[in-house]
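Everything numeric here is computed off the predicted structure, so don't read it as measured data.
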Amino acid sequence: ESTKANIKDVQPEQHDLPRMVDQVTDHGASLWKVGVARSFGINPKELLEIASPAYKLSLFHMARMFKQGATLYGGLPMSNPYAAKGFEVIEREVKRYAEMVMRGDMPAYIKNFEECVAYLGEENINSLFELSEQVNALTIDLHSENSMRVVIANDRPGILEEIGRMFRE
């Protein structure tokens with residue numbers, strides 16, 4: 001009887017390089033985020049309390065990782081033959097991003113952002129965005145006295161700043 005599992009046979013190199021991108025970097029990012037929070041003395045509970053639904057999902061993903069254990073998640077980068085090269089690329093990309101931010105170079109940031117969008121492709125982005133909206137809806141506490149849902153029919157740059165200003169005034 002079929003389990004209806006989505007199984008694809010691939011060669012190790014067809015598996016390991018993509019897993020470097022989606023698993024190893026993601027798990028590393030979770031470790032780095034906690035390291036940054038710890039360095040700044042940010043209380044994890046407060047971080048969760050003020051996070052938007054999208055960022056709570058990132059924190060939930062981190063909690064899942066830390067709940068399951070170090071050997072499970074440590075085994076992935078330790079056994080991935082692309083990890084060393086991947087970390088070289090990560091170091092270069094972090095440096096490039098940090099330099100843009102430290103220079104306040106918004107045109108460079110926008111150019112990089114748009115290049116990322118073009119690389120990922122509109123169809124992929126739209127598909128994943130729809131899924132993220134569905135998952136976000138599951139995390140929103142609309143019953144809280146301090147909560148409301150704002151639906152933005154026509155998104156445009158700066159709209160969240162405008163909405164935030166309305167609530168601060």
K.L.:
When you measure from the side chain of Glu46 to the backbone of Asn43, do you find a donor-acceptor pair of N or O atoms at a distance under 3.5 Å?
P.N.:
no
K.L.:
Going from CE on Met20 to OG1 on Thr25, what distance comes out if it is rounded to the nearest 0.5 angstrom?
P.N.:
6.0 Å
K.L.:
Should Val36 and Ile50 be regarded as members of a common hydrophobic cluster, given that ILVMFWY residues are connected when their side-chain heavy atoms come within less than 4.5 Å of each other, either directly or indirectly?
P.N.:
no
K.L.:
Do Lys56 and Leu48 touch side chain to side chain, with heavy atoms closer than 4.5 Å?
P.N.:
yes
K.L.:
According to the interplanar angle, ranging from 0 to 90°, do the rings of His27 and His61 count as parallel (below 30°), tilted (30 to 60°) or perpendicular (above 60°)?
P.N.:
parallel
K.L.:
Do Trp32 and Ile42 share a hydrophobic cluster, counting only Ile, Leu, Val, Met, Phe, Trp and Tyr and linking them when any side-chain heavy atoms are less than 4.5 Å apart?
P.N.:
no
K.L.:
Once rounded to the nearest 0.5 Å, what's the spacing between atom CG of Asn112 and atom CG of Asp105?
P.N.:
10.5 Å
K.L.:
When you compare the side chain of Leu31 with that of Tyr73, does any pair of heavy atoms fall below 4.5 Å?
P.N.:
no
K.L.:
So, do Arg92 and Val89 sit near enough that their side-chain heavy atoms are less than 4.5 Å apart?
P.N.:
yes
K.L.:
Are any of the side-chain heavy atoms of Ser58 and Lys33 separated by less than 4.5 Å?
P.N.:
yes
K.L.:
Indicate, with yes or no, if Val24 and Val94 share a hydrophobic cluster defined by side-chain heavy-atom contacts under 4.5 Å among Ile, Leu, Val, Met, Phe, Trp and Tyr.
P.N.:
yes
K.L.:
Are any of the side-chain heavy atoms of Phe87 and Ile90 separated by less than 4.5 Å?
P.N.:
yes
K.L.:
Taking it one step at a time, do Met65 and Asp26 satisfy side-chain contact (heavy atoms from CB on, under 4.5 Å)?
P.N.:
CA-CA 10 Å; Met65 180 181 121; Asp26 190 63; over 6 Å; no
K.L.:
Begin with the C-alpha distance, continue with both residues' side-chain angles, and end with the deciding distance and a verdict on salt bridge (Lys or Arg N to Asp or Glu O under 4.0 Å) for Lys111 and Glu115.
P.N.:
CA-CA 6 Å; Lys111 181 179 184 287; Glu115 288 169 353; 2.6 Å; yes
K.L.:
Would you say that more than 12 heavy atoms from the other residues, nucleotides or ligands in this model lie under 6.0 Å from the CZ of Arg38, or not?
P.N.:
no
K.L.:
Please report the interatomic distance NE2(His15) to CG(Asp9), rounded to the nearest 0.5 Å.
P.N.:
12.0 Å
K.L.:
Tell me if a side-chain donor or acceptor on Asn124 pairs with a main-chain N or O of Leu120 at a distance below 3.5 Å.
P.N.:
yes
K.L.:
Please examine the side chains of Val34 and Phe66, heavy atoms only from C-beta on, and report whether any two atoms are closer than 4.5 Å.
P.N.:
yes
K.L.:
Do you reckon Met100 sits in the same ILVMFWY cluster as Tyr119, going by side-chain contacts under 4.5 Å, direct or chained?
P.N.:
yes
K.L.:
Does atom CZ of Phe113 have more than 12 heavy-atom neighbours from other groups under 6.0 Å away?
P.N.:
no
K.L.:
Which distance, rounded to the nearest 0.5 Å, do you find between the NZ of Lys95 and the CE of Met102?
P.N.:
9.5 Å
K.L.:
May I ask you to test the Glu114-Ile110 pair for a side-chain heavy-atom distance under 4.5 Å?
P.N.:
yes
K.L.:
Check Glu99 with Arg96, please: is the shortest side-chain N to carboxylate O separation under 4.0 Å?
P.N.:
no
K.L.:
Could you walk me through whether Arg19 and Asp16 satisfy the side-chain contact (heavy atoms from CB on, under 4.5 Å) test, starting with their C-alpha distance in whole Å, then the side-chain angles of each, then the deciding distance to 0.1 Å, before giving a yes or no?
P.N.:
CA-CA 5 Å; Arg19 297 304 68 85; Asp16 293 342; 5.5 Å; no
K.L.:
Report the C-alpha separation of Glu133 and Phe129 in whole Å, then their side-chain angles, then the decisive distance to 0.1 Å, and conclude whether the side-chain contact (heavy atoms from CB on, under 4.5 Å) test is met.
P.N.:
CA-CA 6 Å; Glu133 288 292 282; Phe129 181 77; 3.5 Å; yes
K.L.:
Count I, L, V, M, F, W, Y as connected when their side-chain heavy atoms are under 4.5 Å apart, and connections chain through other members. Are Val21 and Leu128 then in the same cluster?
P.N.:
no
K.L.:
Could you report the tightest heavy-atom contact between Pro77 and Ala83, atom names first, then the distance?
P.N.:
O-CB, 3.4 Å
K.L.:
Considering residues, nucleotides and ligands other than Glu122, do more than 12 of their heavy atoms fall under 6.0 Å from its CD?
P.N.:
no
K.L.:
Please check if atom CD in Glu123 has more than 12 non-hydrogen atoms from other residues, nucleotides or ligands closer than 6.0 Å.
P.N.:
no
